[in-house]
Amino acid sequence: GWLLKTLLIYRFNQLMFLILLVIGVVVYLNQFGLPGFAKRGVQQRLAELGIQFDFDWLKMDLDGTWKARNLTVGQADSGGELSVSLDDVSIRPYYSSLLSSRPKLKELGIIGLALKGDMAKGGTNLPPFSLAWPDAGIYWNDNEVLSSTNLQGEAFGVEINVSLNITNTL
């Protein structure tokens, strides 16, 4: 009798604590973003793999969309320099697919795109290159449509203006 009742109350309290903890984490990530200690841990693990990763802030919306501001991904080794900079990025995964070996995205949005590189520092006559599309927008959704807006800027000294809309992308 009373032991079973006490055990049920204890389990109910544990479950409520876990639910409140998850809600608290989601609200924190939504309002304040990823804390500094977690950012440093992610950066350190990626640097061990040869990837430089940096961002100003990373937040999660209540609908599960992750948003990052001033995201930079590049090489962390000394073989050259290649990096991609994105002003605003939003990614919304299918969370159930993250448990499988084939993660899938519901939506991807990128605003502001820059690519720069120096393929072999020091020893060659290959010039460094850069591509900057500061007003670019690239969008993909689960309807398998990839579209862009304002892909205009300079690449390799040439002015480029591209518009695209591709269906059945994956």
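Numbers here simply count residues along the sequence, with the first being 1.
Proximity of a side-chain donor or acceptor of Tyr95 to a complementary backbone N or O of Gly64 within less than 3.5 Å is detected. Side-chain atoms of Thr72 do not come within 3.5 Å of backbone N or O of Ser85 as any donor-acceptor pair. Judged by distance alone, the side chain of Asn143 and the main-chain N or O of Val145 form no donor-acceptor pair under 3.5 Å. In terms of modelled atom types and a separation under 3.5 Å, the side chain of Asp61 and the main chain of Asp63 share no donor-acceptor contact.
Val89 and Trp57 fall into different hydrophobic clusters, defined by Ile, Leu, Val, Met, Phe, Trp and Tyr side-chain heavy atoms under 4.5 Å apart, directly or through other members. Linking ILVMFWY residues whenever their side-chain heavy atoms come closer than 4.5 Å, directly or via other members, leaves Ile138 and Ile111 in distinct clusters. Residues Leu98 and Val25 are members of one and the same hydrophobic cluster, defined by side-chain heavy-atom contacts under 4.5 angstrom among Ile, Leu, Val, Met, Phe, Trp and Tyr.
Residues Asn150 and Asp135 have side chains that never bring a donor and an acceptor to within less than 3.5 angstrom of each other.
Contact between Leu29 and Pro35 at its shortest, heavy atoms only, is CD2-CD, 4.5 Å. Shortest non-hydrogen contact noted between Tyr94 and Asp142 is OH-OD2, 2.8 Å. Across all non-hydrogen atoms, the minimal contact from Ser147 to Asn165 is CB-OD1, 3.8 Å.
One finds the OG atom of Ser83 at 7.0 Å from the CD atom of Gln52 (value rounded to the nearest 0.5 Å). In this structure, CG on Leu108 lies 6.5 Å from OG on Ser90, to the nearest 0.5 angstrom. Met60 CE to Phe32 CZ: the interatomic distance, rounded to the nearest 0.5 Å, is 14.0 Å. One finds the CG atom of Leu86 at 5.5 Å from the CG atom of Leu71 (value rounded to the nearest 0.5 Å). If you take CG on Leu3 and CG on Leu8, they are separated by 9.5 Å, rounding to the nearest 0.5 Å. For the atom pair CZ (Arg40) and CG (Leu34), the distance works out to 10.0 Å, reported to the nearest 0.5 Å.
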>> For a side-chain contact (heavy atoms from CB on, under 4.5 Å) check, start with the C-alpha distance between Val26 and Leu62, then their side-chain angles and the critical distance, and finish with the verdict.
In response: CA-CA 7 Å; Val26 168; Leu62 294 178; 3.9 Å; yes

> After noting the C-alpha distance and the side-chain angles of Asp87 and Leu113, does the key distance pass the side-chain contact (heavy atoms from CB on, under 4.5 Å) rule?
Replying inline: CA-CA 7 Å; Asp87 291 341; Leu113 172 65; over 6 Å; no

> Are Leu146 and Tyr139 close enough, and set up right, to give a side-chain contact (heavy atoms from CB on, under 4.5 Å), and what steps lead you there?
Replying inline: CA-CA 6 Å; Leu146 177 69; Tyr139 309 97; over 6 Å; no

>> Walk me through whether Lys39 and Asp54 qualify under side-chain contact (heavy atoms from CB on, under 4.5 Å).
In response: CA-CA 8 Å; Lys39 176 183 175 180; Asp54 196 17; 3.3 Å; yes

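Inter-residue side-chain proximity for Arg45 and Leu49 is flagged as unmet; no heavy-atom pair is nearer than 4.5 Å. Residues Ile91 and Leu105 have side chains in contact (heavy-atom distance under 4.5 Å, counting atoms from C-beta outward).
Between Phe12 and Tyr10, the distance from one ring center to the other does not fall under 6.0 angstrom.
Below 30°, between 30° and 60°, or above 60°: for Phe55 and Phe53 the angle between ring planes is above 60°, a perpendicular geometry.
With a 6.0 Å radius and a threshold of 12 heavy atoms from other residues, nucleotides or ligands, Gln14 has its CD atom above the threshold.
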